[in-house]
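Everything on this sheet refers to the single structure shown next.
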Amino acid sequence: MADTLQAIRGMNDILPQQSYLWQFVESGVRSVLESYGYREIRLPIVEKTELFKRSIGEVTDIVEKEMYTFSDRNGDSLTLRPEGTAGCVRACIQHGLIAGQVQRLWYSGPMFRHERPQKGRYRQFHQVGVEVFGLRGPDIDAELLMLTARLWRRLGLTQVNLQLNSLGTAPARAAFRDALVEYLRAHEERLDDDSRRRLETNPLRILDSKNPDIQSLLAEAPVLSDYLDAESSDHFAQLCAQLDAAAIAYRVNPRLVRGLDYYGGTVFEWVTDQLGAQGTVCAGGRYDALVEYLGGKPTPAIGFALGLERLIGLLEQQQSELPADDPHLYIVALGESAQREGLLLSEQLREALPRLRIVTHCGGGSFKSQFKKADRSGARYALVLGDDEVASRQAGLKPLREQSEQRRVAFEALPQHLAELFNY
Ligand code: ATP
Ligand code: MG
């Protein structure tokens, strides 16, 4: 026998028993975003490789080693999007959405990075991304953080903690980078291979190292906040004051940097210690230089991305009572006329009560085998039809999740009866 085909490593199937949780999270995210006036933009999954090289930066982990890049049949180099900001900015410039206008946008979908798969880290994963164009002040930074805090509340999540930093302006970052490089050069023998390489290419990323030896070396290193320019410090102070006023707790983490080149000014991460090593569920910040860099008019911008797999993992961990999508009713019907009646009756019930989940048994079989399937479906009640029930136009209604008697309900009375039963 041939080997059965398997999904690609790090790319997951989301099975029916999981998908309702995804829908719960997605609809929560959507409704919170709508309540702030954000509008959805839908973008291609594939873009020209050049776009990601230019926007994310040649010397980032993503571009150096994580992209799914291929040439198409014309020989053009294309890449499966590793993140959504680049494509969103590209689309906004292309369609003239951001010149002199404010845009509050969001998108959602799969992203692709060739990383080592582990819990919370996959090769195809899903993000909700939010981008705001045309606003420079700390008020919009605060709005984004209030929006995310509201989202955690909406989903019932706790223990997601906000970390904040400011990367300052480009000259401030450059001065800090020089000081950092000088310090690390003086301790070169303590650097690991990765950090040594980054010292040449992208030294700020060393701050992000997960290696404990590097972390202890960094404890004595120069701190970015000592190099901040006055404008950035002021912006950051205003943001902090606004968060205090909104009672949103945060920790200033002077070593917080972002992996992508285009960030400057405010950066943030929402982190939990309940997911093991992959604890960042949401990350973002300002990228005021990117729009111009990609050929648009200079436009301030800020955004973030949520990792849906991590968010859902957290939800599963924290909530015992998750919303379920089990059927309300499973229609059991024995005999030809009862089967015909069952199909019609379930149509009428859907017409009257469109939000009920009603599964009509198909495929015949004995009462016993139909009840087994009803039970396995997770339905709360079975609606039972046999020759007698059809003749008397009264269905049997049998609870499947509790010990109590089957009762008889006239066909015409069913919508009313079920509405009360299910608090419809
Ligand atoms: P990390 O430091 O965990 O690699 P990152 O800085 O590469 O994260 P971003 O590019 O900022 O991540 O992506 C935003 C969010 O998307 C992350 O905070 C995380 O929740 C999620 N994410 C990123 N990469 C993956 C992945 N490979 N698998 C699952 N989720 C991911
Ligand atoms: Mg990464």
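Both counts, for ligands and for their atoms, begin at 1 and track the order of listing.
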Residues pairing under ring-ring contact (aromatic ring centres under 6.0 Å, His included) where one sits in residues 283-323, two or more places apart or in two chains, turn out to be Tyr262-Tyr287
Looking at Gly307, which atoms of ligand 1 are within less than 4.0 Å of one of its heavy atoms?
16 (O), 20 (O), 21 (C)
Ligand 1 atoms in contact with Gln127 (distance to a heavy atom under 4.0 Å):
13 (O), 14 (C), 15 (C), 16 (O)
Taking every non-hydrogen atom, the tightest pair across Tyr38 and Val130:
CE2-CG1, 3.5 Å
Is the closest heavy atom of Arg258 to ligand 1 under 4.0 Å?
yes
Determine whether the side chain, the backbone, both or neither of Glu309 has a heavy atom under 4.0 Å from any heavy atom of ligand 1.
neither
Does the structure place the NZ or CZ of Arg113 under 6.0 Å from the centre of the six-membered ring of Phe125, at an angle of no more than 45° from the ring's axis?
no
Taking only non-hydrogen atoms of Glu83, do any sit less than 4.0 angstrom from ligand 1?
no
N-O pairing of Asp375 and Lys372 below 4.0 Å:
no
At under 4.0 Å between heavy atoms, which part of Ile62 makes contact with ligand 1: side chain, backbone, both or neither?
neither
Does a salt bridge link Glu131 with Arg104, judged by any charged N lying under 4.0 Å from a carboxylate O?
no
I need the atoms of ligand 1 closer than 4.0 Å to a non-hydrogen atom of Val281, numbered in the order shown.
20 (O)
Is the closest heavy atom of Gln278 to ligand 1 under 4.0 Å?
no
Using every non-hydrogen atom in the two residues, find where Ala91 and Leu43 come nearest and quote the distance to one decimal.
CB-CD2, 3.6 Å
Between the side chains of Arg350 and Glu347, is the shortest nitrogen-to-carboxylate-oxygen separation below 4.0 Å, so that they form an ion pair?
yes
If you measure every N or O of Asp208 against every N or O of ligand 1, does any of those distances drop under 3.5 Å?
no
